[in-house]
Structure formats: C-alpha cells, structure tokens
Amino acid sequence: MIGADAKAAGSDLNGTGAPNAGFDNPVLQSQAMYRKLLGAMAQPGRILSCELSLDVPAPLWPTTAAAALTLLDFDTPLWLNPGAAAAPALGNYLRFHSGCPLVEATGNAAFAIISDPAELPPLDSFAAGTDEYPDRSATLLIQVERLDDSRGVILRGPGIECKQTLQAKGLPQGFWQQVQENHAGFPRGVDMIFCAQNQIAALPRSTQVEV
Amino acid sequence: MTQAAQQAAIPDEQAEIDAGAGPDPNYNFAYLDEQTKRMIRRAMLKAVAIPGYQVPFASREMPMPYGWGTGGVQVTASIIGPDDVLKVIDQGADDTTNAVSIRQFFERTTDVETTTRTEDASIIQTRHRIPEKALSEDQILVYQVPIPEPLRFLEPRESETRKMHALGEYGLMHVKLYEDIATHGHIATTYAYPVKVNGHYIMDPSPTPKFDNPKMHRMPALQLFGAGREKRIYAIPPHTAVYSLDFEDHPFDVQQWEQPCEICGATDTFLDEVVTDDRGGRMFVCSDTDHCTRDQEAAE
C-alpha cells in the first residue's frame, strides 16, 4: 500500500516500491556520522566535511539523511517542513529505517527536518525545554545550499576559541535575529545543525551571534 | 561438546581476542545496542549545547558494578569507532585495576588500538585525574563521575537542586565554602571543587583534585562526563570558561608540595603519597604514570 501511494504521488522510489537503502553498515557509519555531529556541536560554526554515498529520497540530502539515521528512532517525534512532508518516499524512508513518529505540530517534535530553509517556521514555535529541563528541546536539521565560514555573522561562545564566522545560503530574512533571541533564552532554546551537500555545521543555543 | 573440549575452547577464544582478530563477535561493537547508543548520543548533543547542565539519560546495566565507571564506559562506548586510540587512566595511572579492566573491556568489544601515551590517544577515559600533558582539539576526555550534582550534599531533594540550577541560586555553595574558611581559615575543599561553567551552571568536575581545575579552563579538548548510577551526562565544549568558585580575599589556588616527585623529579605535577613500609616510610610520586615514565626516559 505504501508503495502504491508513493507511486501515485510520483516520488522517486527505486522502482520496487521499497524505501531507499539506509547505511550499509549502520553500526560504524552512524558512529562516524555521530562524531561529525558531536564535533560540529562542540565547535559551533566550524564546517566539517562529510563524504557520504547514500541513496536518499528527494528532497533529502545525504548529510541530512545520515544525521537523521544516526539520531532518530521511536523515541524521537519528527516534524517535516511542508515540502518534505509532501514527498511520501521521504516519510516512508525515515519511518522505515528509524521508526520515528511524524508529528504535525512543531511544538511536539524532538527533531525537525527542514529541507527548504524558506519554509523554516519561527524558532520559538519549537520546544525550547524548561528552565529545569532545558534538554527537553528540539534539534533542527536545516538543509542549506551552501555553507561558508570565511564570512558572515560572527559567532562567540563555548566551543569557539575567540570568534568564528559563518554564512549559510538561503536562510529566511530575520533568521539571525531569531537566533539571537534563541540565545537570549539560554538555557532554554533550540539547537540547529545545518546540512549542506557535503558539509555540516552546528549552532547550539549557547552561541552568541553578532550580525 | 564434551567438558574437556569446552575447557579447551575457552583459552582459544581468549587468544583470538588478544590477537586483535577484530571485536568479540558475541557483542555489538562497543557492547551497547544501537538504540542505547542513539539515546546516549542525543543526550550528549544536548549536554554540549548546554555546557555544565546535567542531562538525564537512561543509564544501562553494564557488565561491571556501579561505581566502577559505568557512566564513563557508556559515554566512551557511544562515541568510540575503529579508528580511535583509547587511553584509560585511574587516578592518573594506566596500570591500576579500574584502568586495566576498562581498557580490556574496550579491547575486547571494539578491538581499537590502546595506548598509555597521552598525546597518541583520541579518547581518554579518566577516573579522577586530568593528564598533566595539555590536550588538543582532536582529543576527547571522558570522566567517570560518582555524584554529578554539586549541590547534592547541601540539598538532597532533586526537585530543589533543579530549581536552584534553573534560578542560578547558588548562595548555598558559597556558604559551604565560607564555612570552610570560618572553620579552617582557608577553603578546605581539595577535590570535587565546584566550578562555574561559561558563567552559568555550577558543576561538579568529578572527584579530581582541585589541582586539575585550572586545566579545565579553556581546554581545547571536548570534556564529557558520565554518571552511570546517577544517570546523568554533562559536558564542557572546547575553549569554554571554567571558573573555580572562590572569594576575593580567599582566591582559588591549587595544592603544592615541598618536595619534587621522588621518581622523576618533576615539581609541577600532582603527587601521590605512597606508604612504603610499616614504620612510617613514605614517598611522593607523580600520580600521572605516563608523564612520570616519560620524564624519566627524557632524563636518561
């Protein structure tokens, strides 16, 4: 049934109706991807390259898919931006490999995949945790066309020796102001991981941003 | 299989493990199942994003008792990969029981390369010391933590300590340090000396001697803390400000010794007092065995 639905929607299934394959070696590939994610989160704004050969359903990129396969499971309600949610192959892929429930409301999501940054909802619509449990907050995987750390906004804070610059292409207007507000609510807030074609960078709530 | 054959099979299996023939096939890589690793990995990402905040996690039963570093072992098991080089220390020593057994655990379950040389390790799991040699950005320091909550002995209720962290209400901790001064004339806390991370959370650096506190400040390596029995993970990202609590008129300072290490002669390291006989004989030697051995080698 799932295959029939997906075909009707004209999605890019691999002809068999089955979801695209996940990691060849889930244990070691998710470990390798996690170390990238941990490294990115520990050094905000630092761009780490990820060369992955993953066959993933559009509009997901291999970096985003690898991050999702590494972090998601039945414990992590996932929100998809409307563009991603409209591709049934993507939802099937993530649910098949990770078992994560998909949620409609941003506030109920532990993770969110935003395949098109233009569709990024306001950051404060996601769970920011509470002052007593700030860890009960969302992590956003935001796909961006390009990352550049030689220019852009100036980042300071834990994980950064003095300062770090970062530019991500395609973010909506007013995004960096929202990031400043997100930081101002520390320890509450959301954490972001930017996924470009072959690169990732992270922006935790602890980072101060100077536009 | 006869009993004799069974007995014969055991040493063979052991030999295969020792020969570095790959991780023990009876276990998942690094022992933990993948769902547990994901849960711990997510907790660690939040811990890094909120420096010094203790993230609750569903600590698992490990094949060693609580108090033997199960928190650190779970953290290491969730980050370690085949390319890592692991060093394990117990009070600075590579060759004491806890360090040896944890190192063997990872040799068996991951078959990674292990080392005693601080600079060669990509992951260093530690019980109660920070290596004397400065760490780099490419390294991760994993601490085994018994009691993660610095306020626990001042306020036993978790609901209250959570509120105190949420409100930044840390007066009680300063009162404790003040009482030290009132009783002893100086701050008598010598280990598990409370620190403030990035100007926000007060954190227990685990029972490291306060001698090691300055090394945490702006350390280039990522520091991860795992408390297995208490089910908490916390972290300090690289280059993060870590301030040891003190008073203007009683500034923080570290232990000093009157004599150098009796083995290598170092004067800038943390020394252990070793009892040598039953007639009051004792000697002071470096607690960091790798540092001490290498200093001797350099001298020779």
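Reminder, nothing fancy here: chain letters follow the sequence lines and each chain counts from 1. Every value quoted in this text rests on a predicted model; they were computed, and no experiment measured them.
The minimum heavy-atom distance linking A/Q143 with A/S115 is given by the pair NE2-O, 3.2 Å.
Residue A/F111 touches chain B through its side chain alone, counting heavy-atom pairs closer than 4.5 Å. Proximity to chain A is limited to the backbone of B/I80, based on heavy atoms less than 4.5 angstrom apart. Heavy atoms closer than 4.5 Å to chain B are found nowhere in A/T207, neither backbone nor side chain. Using a 4.5 Å cut-off between heavy atoms, B/E34 contacts chain A through its side chain alone, with no backbone atom that close. Only the side chain of B/L222 comes within contact range of chain A, with heavy atoms under 4.5 Å apart. Of the atoms belonging to A/E161, heavy atoms from both backbone and side chain fall under 4.5 Å from chain B. Using a 4.5 Å cut-off between heavy atoms, A/T130 does not touch chain B at all. The contact between A/L28 and chain B is made entirely by side chain atoms (from C-beta outward), counting heavy-atom distances below 4.5 Å. The contact between B/E137 and chain A is made entirely by side chain atoms (from C-beta outward), counting heavy-atom distances below 4.5 Å. At a 4.5 Å heavy-atom cutoff, the contact between B/N28 and chain A is made by side-chain atoms alone. Proximity to chain B is absent for every atom of A/L203, based on heavy atoms less than 4.5 angstrom apart. Interface remark: A/F74 contributes side-chain atoms only to the contact with chain B (heavy atom separation under 4.5 Å). The contact between A/R46 and chain B is made entirely by side chain atoms (from C-beta outward), counting heavy-atom distances below 4.5 Å.
In this structure the side chain of B/D84 reaches within 4.5 angstrom of the side chain of A/Q31, judged on heavy atoms. Inter-residue side-chain proximity for A/T165 and A/R151 is flagged as unmet; no heavy-atom pair is nearer than 4.5 Å. A 4.5 Å side-chain heavy-atom check between B/Q125 and B/R103 finds every atom pair outside the cut-off. Looking at B/F225 and B/D204, their side chains never come closer than 4.5 Å, going by heavy atoms from C-beta outward. Under the 4.5 Å side-chain criterion, counting only non-hydrogen atoms from C-beta, B/K87 is not in contact with B/Q139.
Highest contact tally toward chain A, considering only B/A30, B/P51, B/A235, is held by B/P51 [criterion: heavy-atom pairs under 4.5 Å]. Comparing A/G39, A/A110, A/G157, A/S137 by heavy-atom pairs within less than 4.5 Å of chain B, the highest count is held by A/S137. Among B/A241, B/P56, B/S78, B/P220, the residue making the largest number of heavy-atom pairs under 4.5 Å with chain A is B/P56. Among B/Y53, B/Y201, B/F29, the residue with the largest count of heavy-atom pairs under 4.5 Å with chain A is B/Y53. For the set A/G129, A/P187, A/G189, A/A202, the count of heavy-atom pairs under 4.5 angstrom toward chain B peaks at A/P187. With chain B as the partner, the residue from A/P44, A/A42, A/A40, A/P204 showing the most heavy-atom pairs under 4.5 Å is A/A42. The greatest number of non-hydrogen atom pairs below 4.5 Å with chain A, out of B/P237, B/S159, B/P238, is found for B/P238.
Between A/L140 atom CG and A/F194 atom CZ the span is 9.0 Å, to the nearest 0.5 Å. The distance from atom CD1 of B/I79 to atom NZ of B/K37, rounded to the nearest 0.5 Å, is 11.5 Å. One distance of note links CD of A/E210 with CD1 of A/I154; it measures 4.5 Å at 0.5 Å rounding.
At least one donor-acceptor pair closer than 3.5 Å links the side chain of A/T63 to the backbone N or O of A/A196.
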Could you go through the ring pair (Phe, Tyr, Trp, His ring centres under 6.0 Å) check for B/Y170 and B/H165 one step at a time?
CA-CA 8 Å; B/Y170 292 131; B/H165 283 297; 5.4 Å; yes
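With respect to B/K163 and B/E155, no salt bridge is recorded, no charged nitrogen being found less than 4.0 Å from a carboxylate O.
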